[in-house]
2 protein chains.
Amino acid sequence: MVVKDALSRGAVLDAATELVRAHGPGALTMRRLAAELGCAVTAIYWHVGNREALLDELVARTVEELGEIRAEGRTPAERAESVALALRRKLRARPHLIALVHERGLTELMMLPAQRALVHEAHAAGLRGTAAAEAVRALQFQIVGFVLVERNRERAPAQYPGEPDLWTAETAEQDPELATSFAAAPDLDTLFRTSVRGVISSLWEGDR
Amino acid sequence: MVVKDALSRGAVLDAATELVRAHGPGALTMRRLAAELGCAVTAIYWHVGNREALLDELVARTVEELGEIRAEGRTPAERAESVALALRRKLRARPHLIALVHERGLTELMMLPAQRALVHEAHAAGLRGTAAAEAVRALQFQIVGFVLVERNRERAPAQYPGEPDLWTAETAEQDPELATSFAAAPDLDTLFRTSVRGVISSLWEGDR
DNA sequence: ACCTGAACACCGTTCAAGT
DNA sequence: ACCTGAACACCGTTCAAGT
C-alpha cells in the first residue's frame, strides 16, 4: 500500500529524474509528472517554479555527480587513461541528462573536475604550461566527442541504406576484407581505448 | 510587391528550411510556417503530410548536400586532411539541420560519401583491409566528435563558473602558464587541424 | 505554507466542407 | 487537385481561491 507523503521539492525532483532518465526530456510533461506524484499540476509550480527551473535543477545534480572523478593506476599515462574510461562510463550511464547539460552549455563546468585530474597527471608526466594545457584539452575533446558520436550511433534506428548494405566487395575497391570490416559494427570499447591511448602516448609521453 | 504564387511542396520546404536554419527546429511550428507562407495551417498538410514528414524531408536534403565531397591535394595524407576540413566546414554551416540528422540516426548514411573518399586515400596510402577500415573509422569519429563538441561550446552561454574563473595560478598547481592557457579560449581551427593530423600521421603513414 | 481548479494561449492533427 | 475553418486533444503557465 502506498502511503501518500506530503509533496516535497525532493520528491518532485526524484520523480522528474526518473521520467527523464527512462524516457528522455520529452516525457517530462507537467501533467504526467503530477499524475505520477498524485497531485494537481499546479502544486509542482509551488515547489520548483516552472518546467525550465525543474530541468535546471536536474542538470545541476548531474553536474555534481560527474564531478566525482579520481585517477587510478601507477604511471601518469595509466592514471590519465583511467580518468578517460571513468568519464566515458559516467557519461554513458545518463545520456538524456548529459544531453540536457550540453543543451544548457554547461559541459565545460561539468568537465572541470576531470580536467583537474588530467592536469595533475600531465604535470606528473613532466608536462608544463601550454603543452600541458593542450594535451589535456585534446584528450577532453577526444573523450567527449567520442561519447557524443557513440551515443548517436546507439540511438540510431535501423538504417537503410547502412554500412553493411553499401560496403560490398565491389564498392570497396577490390578490398573484400575492408568490406567485411565495415559490414560489422565496430567494437566501441576497443576503438575508444585505442584512440585515447593514441592521444595519451603522443601527447603525454611523446617525443619531447 | 509580393505576388502570391500558388503554394507548392517546394515552397513549403524552402520556408521550413529557412526557419530551422535561422532559429532551430523549435521555431518550426505549423502555425508560424503557415503565417510565413500566407496560407491556412492545414494547407501545409496537403503538401507535406505532417510536421514529422516535413522534418524528414529537410533531413534528406541535408544528407544529400553533405554527400558532395571531394579530396584535394597531392599526397594521400594531404587529401585525407582536405576531406576532414571540408567535412567540418559543411557540418558547421548547418548545425541545426545536422542535429536533426543525428536525432534521426542518419549520421552514418550522411557520412558515407566522405567515408568512401577516405577509404580511397587510405588505399592510396597503402593501407588494406581491417587496418584501412580502422584508420578511416578512427578519423570519422575524430571529425564528427570534434564538430559535436565545438558546436556545444559555441552554443554555450556565459558560464559561471567557467574555465577563466577556475584556473588561477593557485589552482593550476603552481603552473601560471597553464592557467593562462586555460583562461583563453582555444583556437579551434588549430586544435582540429592538429588532432586530425595526429590521427592521420599515426594511422595513415605510421609505423607499419 | 501549501495546494486546488479554472482559464488562457499555445501546440499538432483530423476532417468535413468548399472551390 | 488544392485549400479552408472548426474542432479535438494535448501542452506550459497564471491566478484567484481555498485550507
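Bear in mind that the values here come from a model prediction, so they are computed numbers and not experimental data. All values below were derived from every heavy atom in this structure, side-chain atoms included, with hydrogens, water molecules and symmetry-related copies excluded. Below, chains carry the letters A, B, ... as their sequence lines are ordered, and counting in each starts from 1.
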Kindly express the pairing pattern of DNA chain D in dot-bracket notation, using | wherever a base pairs with another strand and counting only Watson-Crick or G-U pairs under 3.5 Å. ||.|||||...|||||.||
Treat primed atoms plus P, OP1 and OP2 as sugar-phosphate and everything else as base, then score nucleotides 13-19 of chain C 5' to 3': B for base contact with protein heavy atoms under 4.0 Å, S for sugar-phosphate contact only, - for none. BBB----
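- With 3.5 Å as the limit, one finds no donor-acceptor pair spanning the side chains of E134(B) and S181(A).
- At least one side-chain heavy atom of I98(B) sits less than 4.5 Å from a side-chain heavy atom of L66(B).
- You'll find the side chain of E57(A) stays beyond 4.5 Å of the side chain of V48(A), heavy atoms only.
- A straight line from CZ of R32(A) to P of dC11(D) spans 7 Å, rounded to a whole angstrom.
- Taking atom CD1 of I44(B) as the reference point, atom P of dC11(C) lies 12 Å away to the nearest angstrom.
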Might you work through the salt bridge (Lys or Arg N to Asp or Glu O under 4.0 Å) test for R21(B) and D14(B), ending with a clear yes or no? CA-CA 10 Å; R21(B) 191 186 290 262; D14(B) 288 344; over 6 Å; no
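- Residue L54(A) is out of contact with every strand shown, counting any heavy-atom pair closer than 4.0 Å.
- Residues L178(B) and T130(A) have side chains not in contact (no heavy-atom distance under 4.5 Å, counting atoms from C-beta outward).
- One atom, CZ of R9(B), and another, C1' of dC3(D), lie 17 Å apart when rounded to the nearest Å.
- Using a cut-off of 4.0 Å between Lys/Arg side-chain N and Asp/Glu carboxylate O, R104(B) and E52(B) are scored as salt-bridged.
- If you measure from atom CG of L7(A) to atom P of dA1(C), you get 16 Å, rounded to the nearest angstrom.
- Within the nucleic acid shown, A43(B) comes within 4.0 Å of at least one base atom, counting heavy atoms only.
- With distances taken from any side-chain atom of T29(B) to the nucleotides dC11(C), dC11(D), dT4(C), the minimum falls on dC11(C).
- Counting only N and O atoms by type, the side chains of S195(A) and Q142(B) include no donor and acceptor under 3.5 Å apart.
- Using a 4.0 Å cut-off between charged nitrogen and carboxylate oxygen, R197(B) and E81(B) count as a salt-bridge pair.
- Summarising the geometry, the separation between CH2 on W46(A) and P on dC3(C) is reported as 7 Å, rounded to the nearest angstrom.
- Between H47(A) and dC3(C) there is a side-chain polar atom (N or O) within less than 4.0 angstrom of OP1 or OP2.
- For the side chain to side chain donor-acceptor pair (under 3.5 Å) condition, the pairs that include at least one residue of residues 183-192 of chain B, sequence neighbours left out, are R88(B)-D189(B), D187(B)-T190(B).
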